[in-house]
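Written below as structure tokens is the structure these notes are about.
Sequence lines set the chain letters: A, B, ... in the order given, protein chains first and strands last, and positions in each chain run from 1.
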Amino acid sequence: MESEISPVFVALPIPKQGLLAYMPPQGMDQLEPGMRVLVPVGLRRRMIGVVWDPPEKRDPQDLDIELKEVSSVLDEAPIISREYRRFLQAVSWYYFYPVGMTLEEALPNLLLSSRSSSIEKILNTRKKTRVRFQIPPSAPCRPKSLTQEQISVLSVLKKRISGNLFSPVVLHGVTGSGKTEVYIRAAESALALGKTALILVPEIALASQLVAWFYNAFGDLVGLWHSKITGPQKLKTWQDIRDGKIRIIVGVRSAIFAPLDNIGLIVVDEEHDDSFKQDVRLRYSARDLALLLGKLQNATVVLGSATPSLTTYEKVIKGEYELLTMTRRVHDTPLPKVELIDLRTKRKKKEIPRLPWWMSEALYKAIDETLHSNEQLLLFLNRRGFATFVFCSDCGHAFRCPHCEITLTLHKSFGPKGNKELLVCHSCGFNLPALPVCPNCGGQAISSKGIGTERVLAELVQVFPNIRAERFDRDTMGSKKKLINTLEGFRKGDIDALVGTQMITKGHDFPNLSLVGVIWGDQSLHYPSFNASEKTFQLLTQVAGRAGRRGKRGRVIIQSFCPEHYSIVYACEHDYESFLREERNKRVGHFYPPFGHLINLIFSGKLEEHVKKISFEAQQIAMRILPKIQKRYTKAVEILGPSPGIRPKVKDLFVWNLLLKSQSRKAVRSLAEGLLNKLSTVPKRGVRIEIDCDPTGLG
DNA sequence: AGCACGCCGACT
DNA sequence: GTCGGCGTGCTC
Ligand SMILES: [Zn+2]
Ligand SMILES: [Zn+2]
């Protein structure tokens, strides 16, 4: 066996762990890691992959197989730097996800799709249009002077950025304390040092608005990165970043993969937000990856939030992260007055006027007063549609999704024109026209239960016929234009009230809002997850923080079926510390995060029998190898389940979970690794196995 | 993810 | 007898 010519190792976007080895092409010894190559895969396929750093140890039996030859080399020089490869390698390792597929997740699609060859060619065929980002005209101006708190926070951040060391910082600042301005000026100082900056926010709509502020300050040095930017446009941004033309990126979760070099500052704004966790394929947390990247790049990482997650705050308590606080709102707007209303209270028989059940008398009065004084209000309910449960009152037939088995939600004004009456599955999107006839018995007594934003808006208008109200959710704010227009209209005072979902709570600035009504404050509390209380506290704090205008105290009404729950009580009192104390006490005994580490194995397939069988088999294997693991690690590892998923069926696939938990991350990872190893040899029978490290919404 | 192989029902 | 349906497994 001649082994003078050493093979190259290629990362390919196939669901196989590790790299594939190839012979370099004839007379091509300048092949370096980071260059793209075209290689034969299987019997008749050619794929684009990236030459990777050779593994330290190679499986000896690998050497037996005859290696195929690289078909062609696509780049003259590496397009993936050593630092970036190290980052992706670490991501791949942590999430048990193949390197090649991690690469696919990170790179612009065009770079690995087989049609493309040279980057220049792709970009040259595209007509050049200059990107501009515009701030909506009625948005408040950037402040000329800073508050005392902003000044002191900035001075620390500047020190950390110029220190050239990994510096994790938690910026605990109440809503409206002026964090955005701090981010802009911190980015400025990173730039002044020749470094770059990465700003992450939870939603595309927020990124699109925030980028305009940065654009005004830094011009073409700023780029926008999110999943709706695709094709040549994404590639252009990617290339401009690598060329150093773009040095600040504003984006969402996926922007963590923007190929910035020499990063001085990474901001994760609203770090507690679930949107930073991807829940398909590579299930990464952009917040956790920001910390990893910060470590590799010796950057300052700012985790900003009015309600830092327990996971983040635990690091503050341990002294691993630095804590900076901003307790005062700009213009000294006081925190809103929050009233808690018990929805279980019996209603008066003769209410005048007759109110819908979700509108308590207190809320009614508050809305009335707000409208009378020409002020604005916002109603929050985290559910789209008109009714969540539609059934036939003759035979009891309930309308369910044939693919997910959950009940269909009635939408009375669906579609871009808002003129379609549909039953929609909120899990997979399946829908059918809402006809007034029962498909089971032919009867016409179709009824519905459960509220959504559509119904709240409709009944709000019934009670207040002159109100100018609009809905603000994914259904109505599908396009960027519509969203901007509505926000504009509300800021200008053309709209009195907004009825919205989660969308309404994130970041948007409402300068004249005097009343916030939370329709169902304990809704998120019923989600079967170890962090349901935390999510509830965060959501309520965030939505309440919208209320209040310059110098004038806002008012918040939270309606709830369990107003005595600590997450709701402390949210009303703006008491983060007390909530934290109680929630930590709840979790510490069960070793839930941050006191323990979770890895979830997700089994899914078309035949429930097979899914169930494989997940039980996995549990058996885990039990068998557990003693070996416990010899190496003193901390216990628990195997929980298998059990049906929170959504037991999605798009015709049955889902089961096997949850691994331990106080020691190493121990739980070690068990997961061993288990996956053993599972790789058992026949899958159409069952897919996915790994979710640090799952949210489980337990 | 593709793509091939293979094992069973229905069609020349 | 073969054609093609999808269920299953592999890719250096
Ligand atoms: Zn019926
Ligand atoms: Zn469905």
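Counting non-hydrogen atoms under 4.0 angstrom, A:Lys68 reaches the backbone sugars and phosphates but no base. Within 4.0 Å (heavy atoms only), A:Leu43 reaches sugar-phosphate atoms of the nucleic acid but no base atom.
Between A:Pro15 and A:Arg44, it is A:Pro15 whose nearest contact on DNA chain B lies nearer the 5' terminus.
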I would like to know whether A:Ile256 and A:Leu198 meet side-chain contact (heavy atoms from CB on, under 4.5 Å); could you show each step before the answer? CA-CA 8 Å; A:Ile256 193 66; A:Leu198 175 58; 4.1 Å; yes
Assess whether salt bridge (charged side-chain N to carboxylate O under 4.0 Å, His left out) is satisfied between A:Arg665 and A:Asp694, documenting all intermediate values. CA-CA 10 Å; A:Arg665 171 169 274 150; A:Asp694 313 318; 3.5 Å; yes
Using side-chain contact (heavy atoms from CB on, under 4.5 Å), reason through A:Ile689 and A:Ile602 one step at a time and then give a plain yes or no. CA-CA 6 Å; A:Ile689 305 173; A:Ile602 306 161; over 6 Å; no
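Side-chain contact check for A:Thr501 versus A:Arg383: every heavy-atom pair is 4.5 Å or farther apart.
In this structure, A:Glu609 places its CD atom 16 Å from P of C:dG7, rounding to the nearest Å. Between the P atom of C:dT8 and the CG atom of A:Leu607 lies a distance of 8 Å, rounded to the nearest Å. In this structure, CG of A:Leu19 is placed 13 Å from P of C:dC12, rounded to the nearest angstrom. As rounded to whole Å, 11 Å separates atom P of C:dT8 from atom NZ of A:Lys613. When rounded to the nearest whole Å, the span between NZ of A:Lys606 and P of C:dT8 equals 11 Å. The distance between atom NZ of A:Lys16 and atom P of C:dT8, rounded to the nearest whole Å, is 21 Å.
Contacts classified as side-chain hydrogen bond (donor to acceptor under 3.5 Å, both in side chains) and involving residues 621-630 of chain A (residues at least two apart or in different chains) are not found. Among residue pairs with one or both ends in residues 272-295 of chain A, those qualifying as ring pair (Phe, Tyr, Trp, His ring centres under 6.0 Å) are A:Phe257-A:Tyr284; sequence neighbours excluded.
Taking every nucleotide of DNA chain B with any atom under 4.0 Å from a non-hydrogen atom of chain A, the first and last of them, 5' to 3', are B:dA1 to B:dA4.
Ring pair A:Phe616/A:Trp656 is tilted by interplanar angle, where 30° to 60° counts as tilted.
Of the residues in residues 90-99 of chain A, none has a non-hydrogen atom less than 4.0 angstrom from any atom of DNA chain B. The stretch residues 674-688 of chain A touches DNA chain C through A:Pro683, A:Lys684, A:Arg685, A:Gly686, each having a heavy atom under 4.0 angstrom from the strand.
Between A:Asp269 and A:Lys506 there is no salt bridge, since no side-chain nitrogen of the basic residue lies less than 4.0 Å from a carboxylate oxygen of the acidic one. Salt bridge status for A:Arg384 with A:Asp473: absent, with no side-chain N to carboxylate O gap under 4.0 Å.
A:Val41 meets the side chain to side chain contact (heavy atoms under 4.5 Å, CB included) test with A:Leu12, A:Tyr22, A:Val39, A:Arg45, A:Met47; sequence neighbours excluded.
Remark: the backbone N or O of A:Asn262 is paired with a side-chain donor or acceptor of A:Gln297 at under 3.5 angstrom.
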